[in-house]
Amino acid sequence: MYIAKEIRKTSIAEYLLYMWQIEDIIRAYGCSLSRLRNEYIDKFDYTDEQKEEETDWFGDLIRMMNEEGCREQGHLQINKILLQDMADLHNQLLESPKFPFYNAEYYKVLPFIVELRNKGDRDVNEIETCLDALYGIMLLKLQKKEISPETNNAVKEISTFIGMLSDYYVKNRDEGLDFGEE
């Protein structure tokens, strides 16, 4: 909860990736709040009060996962909504003439997006495709698996693009962006 709050302030993409990781952590502990508390939360250098707040947060997430049918796989509705917000902003940025650098970056990563969609789920939007790729690479790195130079190059480009979108998301949330015609 504490980490999530901090990340959400500065990078919506990193926040979503973190929340996907939290969903997987919950699944790894069998959606058991007592196991999460004893084997995960208690390992953090938190006060007793912070541990209680963190436990309550995880409890709420477990309840939502149960209610939304994503105990085994999938994402919470709150995360799906943020992802859709990012996709909507992506479309607004592409349609506006005021963001040529974003457009250029998008067309730079588009071949990677097409390739990923051809290999995976074609029913997800381009932003989710990019985030899925970044999450997959994160998991491979955690497992200390080798990543090809081609994949590393693609991930670098996708990271730059998603970072740019995330920066625009935060700017739009905090200050508002002007999408109007010049």
Open item on the list: Checking Phe99 now: which residues fulfil ring pair (Phe, Tyr, Trp, His ring centres under 6.0 Å) with it, not counting sequence neighbours?
Closed with: Tyr168, Phe179

Open item on the list: Can you tell me how far apart CD1 (Ile158) and CG (Asn153) are? Round to the nearest 0.5 Å.
Closed with: 9.5 Å

Task: Heavy-atom side-chain proximity of Glu175 to Val170 below 4.5 angstrom - done: no

Open item on the list: Does either side chain, that of Asp88 or that of Gln84, offer a donor lying less than 3.5 Å from an acceptor on the other one?
Closed with: yes

TODO: Applying ring pair (Phe, Tyr, Trp, His ring centres under 6.0 Å), name anything that partners His90, two or more places apart in sequence or on another chain.
DONE: Tyr102, Tyr106, Phe161

Task: Leu93 and Leu177, any side-chain heavy atoms less than 4.5 Å apart - done: yes

Open item on the list: Does anything in residues 133-155 form a salt bridge (Lys or Arg N to Asp or Glu O under 4.0 Å)? List the pairs, not counting sequence neighbours.
Closed with: none

Task: salt bridge (charged side-chain N to carboxylate O under 4.0 Å, His left out) partners for Arg8, two or more places apart - done: none

- [ ] Evaluate the side-chain proximity of Trp20 to Leu131: yes if any heavy-atom separation is below 4.5 Å, no if none is.
- [x] yes

Open item on the list: Please enumerate all residues that pass side chain to side chain contact (heavy atoms under 4.5 Å, CB included) together with Ser159, with sequence neighbours excluded.
Closed with: Leu134, Val155

TODO: Only counting residues at least two apart or in another chain, list the ones meeting salt bridge (charged side-chain N to carboxylate O under 4.0 Å, His left out) with Asp167.
DONE: none

Task: Asn66 side chain to Ile62 backbone, donor-acceptor under 3.5 Å - done: yes

Task: Min side-chain heavy-atom separation Val109-Ile162 under 4.5 Å - done: no

- [ ] Work out which heavy atom in Ala87 is nearest to a heavy atom in Asn125; give both atom names and the distance.
- [x] CB-ND2, 3.6 Å

Open item on the list: With a 4.5 Å cut-off on side-chain heavy atoms, are Tyr135 and Asp132 touching?
Closed with: no

TODO: Count the heavy atoms belonging to other residues, nucleotides or ligands that lie under 6.0 Å from CD of Gln143, then report whether that count exceeds 12.
DONE: yes

Open item on the list: Please find the pair of heavy atoms, one from Leu82 and one from Tyr169, that lie closest to each other, and give the distance.
Closed with: CD2-OH, 3.2 Å

Open item on the list: Restricting to side chain to side chain contact (heavy atoms under 4.5 Å, CB included), what partner residues turn up for Glu14, sequence neighbours left out?
Closed with: Ile7, Ser11

TODO: Could you state whether Phe101 and Ile127 fall into the same hydrophobic cluster, counting links through intermediate Ile, Leu, Val, Met, Phe, Trp or Tyr residues with side-chain heavy atoms under 4.5 angstrom apart?
DONE: no

Task: Aromatic plane relationship, Tyr40 with Phe58 - under 30° parallel, 30 to 60° tilted, over 60° perpendicular - done: perpendicular

Task: Nearest-0.5 Å distance, CE of residue Met86 to CD of residue Glu126 - done: 12.5 Å

- [ ] Answer yes or no: is there an ion pair linking Arg71 with Glu23, defined by an N-O contact shorter than 4.0 Å?
- [x] no

Task: 4.5 Å side-chain heavy-atom contact, Val124 and Leu83 - done: no

Task: Side chain proximity check, Leu165 to Glu105, heavy atoms < 4.5 angstrom - done: no

Task: side chain to side chain contact (heavy atoms under 4.5 Å, CB included) partners for Cys70, two or more places apart - done: Arg27, Met65, Glu68, Leu76

- [ ] May I have the step-by-step check of salt bridge (Lys or Arg N to Asp or Glu O under 4.0 Å) for Arg37 and Glu52, ending in yes or no?
- [x] CA-CA 9 Å; Arg37 172 66 195 243; Glu52 284 305 313; 2.8 Å; yes

Open item on the list: Hydrophobic cluster membership, with links at side-chain heavy-atom distances under 4.5 Å among I/L/V/M/F/W/Y: are Leu17 and Ile147 in one?
Closed with: yes

TODO: Would you please name every residue forming a salt bridge (charged side-chain N to carboxylate O under 4.0 Å, His left out) with Lys156, sequence neighbours left out?
DONE: none

Open item on the list: The criterion is side chain to side chain donor-acceptor pair (under 3.5 Å); which residues satisfy it with Glu39, sequence neighbours excluded?
Closed with: Arg35

Task: pair Leu36-Thr55: side-chain heavy atoms closer than 4.5 Å - done: no

TODO: Please identify each residue that fulfils salt bridge (charged side-chain N to carboxylate O under 4.0 Å, His left out) with Lys51, with sequence neighbours left out.
DONE: none

Open item on the list: For Gln50, give me all partners under side chain to side chain contact (heavy atoms under 4.5 Å, CB included), at least two apart in sequence or on another chain.
Closed with: Tyr2, Tyr46, Thr47

Open item on the list: Strictly distance-based, threshold 3.5 Å: is any side-chain N or O of Thr129 a donor or acceptor partner for the main-chain N or O of Ile113?
Closed with: no

